[in-house]
Structures are given as C-alpha cells and as structure tokens.
Amino acid sequence: MNYTPNQALRKLIAGNEIYLNSKNNPGNISSAIRYENSIHGQHPYSVILTCSDSRVPPEHIFSAGVGELFVIRTAGNVVGGFELGTIEYGLKYLGVPLILVMGHSQCGAVAAALDGNAEGYIEDVVHEIQLGLYGATDEVAAVYNNILNSRCRIMESSIIQKLISDGNISIVCALYDVKTGAVKFFEC
C-alpha cells in the first residue's frame with residue numbers, strides 16, 4: 001500500500017496505542033511476510049531516526065512487522081552523512097512518505113552531553129548533541145532540543161528539502177517515554 005504522510009503518521013500513532021496495551025508485538029513477522037518482502041521488496045511507510053538505546057525498539061513501539069519501518073539508530077539519534085544518506089535512500093528509492101525523528105527519556109547520550117565527559121569516538125556523539133542543546137541545562141529540555149537539532153541536520157539535505165517542498169513527504173518529531181511506552185508527537 002502507498003501511504004500519504006498523514007496516513008503513515010496515523011499508523012504510527014495507532015501502532016503505539018496497541019503497544020501500550022500489548023504483551024507481545026502484534027506486527028506480522030511470519031515466514032509468509034518475510035517471503036513476500038524478499039520477492040516484492042520492502043515498502044516501509046516511515047523512516048524512523050532514533051537512539052540506539054536497547055529500551056527503544058521502534059518495531060515494537062509502533063506494533064510493526066517485517067518491512068514496515070525503515071529504521072536508523074545512532075546513540076542520541078545524532079545525524080551525520082551516513083544517516084542522511086540512509087534517510088535519502090528510504091525516501092527516494094523506497095518511496096517512504098514520512099520521517100520520524102524520535103528521542104527518548106533517560107537518554108544516556110544526552111546526559112553525557114550535559115555532563116561534558118566523554119572519550120574516544122563517544123566524544124563525537126557528545127559534541128554533536130552539545131551543538132544542539134541551545135543552552136538547555138536540564139535533561140528534558142536537552143532531549144527536546146536534541147530532537148530538534150537532529151531534524152535541522154536532516155533538513156540540510158537538498159533532496160529531502162525538495163521532497164518536502166513538493167509535498168511528497170513530511171517530517172515529524174516525537175519523544176518516547178521509556179517508563180510508560182507512550183510516544184508524544186510534537187511540532188518540529
């Protein structure tokens with residue numbers, strides 16, 4: 001099925017409602033759907049950029065099955081060249097109509113950015129997050145600002161800008177609560 005951006009967003013919202021009351025993922029992960037996707041290719045309805053945190057499993061959070069979501073995960077949901085290229089691929093070649101930038105509560109990468117202590121390559125992640133804190137000093141504001149900064153980084157892509165201006169795709173932001181499982185969508 002080809003989704004519009006609004007249909008894709010409604011599907012994410014409905015999937016999260018199912019997740020909040022589920023004990024198992026009701027998404028289709030059957031051998032039949034795996035076979036179908038191997039023959040006819042994938043047709044995800046949303047690109048999701050989110051954190052690598054193991055408590056943030058997008059396929060479960062949105063009650064999705066095989067082939068439904070095109071997920072990019074990095075610590076702190078930061079965006080660089082590889083992530084932008086992956087998002088562009090999902091939009092341009094797979095026809096995905098919606099980008100979701102989703103941060104989460106209790107994010108260790110954001111906490112590290114606020115603390116300012118990191119070493120090795122983690123320092124690169126922390127530095128990227130610090131660039132987008134915009135003066136936030138508490139974790140909640142910092143998480144929101146980091147989500148917005150990731151959205152700004154995505155908008156650096158001329159391919160994505162064109163697709164949005166043509167009305168072919170939309171971009172939305174959200175915060176996932178690791179304690180409750182609820183996703184709060186907000187303007188970005």
Discussion item. Suppose we screen for salt bridge (charged side-chain N to carboxylate O under 4.0 Å, His left out). Which residues come up paired with Lys92, at least two apart in sequence or across chains?
Written reply: none
Discussion item. Would you say that Tyr144 contacts Leu175 through its side chain, given a criterion of any heavy-atom pair below 4.5 Å between the two side chains?
Written reply: yes
Fill in: Distance (rounded to the nearest 0.5 Å) between Asn145 CG and Leu131 CG
12.5 Å
Fill in: Hydrophobic cluster identity match, Tyr89 and Val101, side-chain contacts under 4.5 Å
yes
Worksheet item: Hey, is CD1 on Ile29 packed in by over 12 heavy atoms from elsewhere, all under 6.0 Å?
Response: no
Worksheet item: Are any side-chain N or O atoms of Asn37 and backbone N or O atoms of Ile33, one a donor and one an acceptor, separated by less than 3.5 Å?
Response: yes
Item to complete: Could you tell me the separation between the SG atom of Cys51 and the CD1 atom of Ile72, rounded to the nearest 0.5 Å?
Response: 13.5 Å
Practice prompt. Say whether, by atom type as modelled, one donor and one acceptor occur between the side chain of Ser157 and the main chain of Ile154 under 3.5 angstrom.
Written response: no
Worksheet item: Do Thr4 and Asn6 meet the criterion of a side-chain donor-acceptor pair at a distance under 3.5 Å?
Response: no
Practice prompt. Only counting residues at least two apart or in another chain, list the ones meeting disulfide (SG to SG under 2.5 Å) with Cys188.
Written response: Cys173
Worksheet item: So do the side chains of Leu100 and Thr50 get within less than 4.5 Å of each other, counting heavy atoms only?
Response: no
Discussion item. Is it true that, when you exclude Asn24 itself, more than 12 heavy atoms of the residues, nucleotides or ligands shown sit nearer than 6.0 Å to its CG?
Written reply: no
Worksheet entry | Pairwise distance CZ(Arg73) to CG(Asp53) - rounded to 0.5 angstrom | 7.5 Å
Discussion item. I'd like to know if Glu128 and Arg153 make a salt bridge, using a cut-off of under 4.0 Å between side-chain N and carboxylate O.
Written reply: yes
Fill in: Polar contact flag, side-chain donor to acceptor under 3.5 angstrom, Tyr134-Asn149
yes
Practice prompt. List the steps, then state whether side-chain contact (heavy atoms from CB on, under 4.5 Å) holds for Leu91 with Ile160.
Written response: CA-CA 8 Å; Leu91 302 174; Ile160 294 171; 3.7 Å; yes
Discussion item. Is there a side-chain contact between Phe185 and Val183 in this structure, where contact means two heavy atoms from C-beta onward sitting under 4.5 Å apart?
Written reply: yes
Worksheet item: Any donor and acceptor pair, going by atom type alone, linking the side chain of Ser105 with main-chain N or O of Val178 inside 3.5 Å?
Response: yes
Worksheet item: How long is the span from the CZ atom in Arg55 to the CD1 atom in Ile61, to the nearest 0.5 Å?
Response: 11.0 Å
Worksheet item: So, for Phe70 and Tyr45, is the gap between ring centers shorter than 6.0 Å?
Response: no
Worksheet item: Any salt bridge between Lys179 and Asp177, counting N to O under 4.0 Å?
Response: no
Discussion item. List the residues meeting side-chain hydrogen bond (donor to acceptor under 3.5 Å, both in side chains) with Arg151, not counting sequence neighbours, and say none if there are none.
Written reply: none
Practice prompt. Answer yes or no: is there a donor N or O on one side and an acceptor on the other, between the side chain of Asn168 and the main chain of Pro97, under 3.5 Å?
Written response: no
Discussion item. Check whether Glu139 reaches the backbone of Gln106 with its side chain - one donor and one acceptor, N or O, closer than 3.5 Å.
Written reply: yes
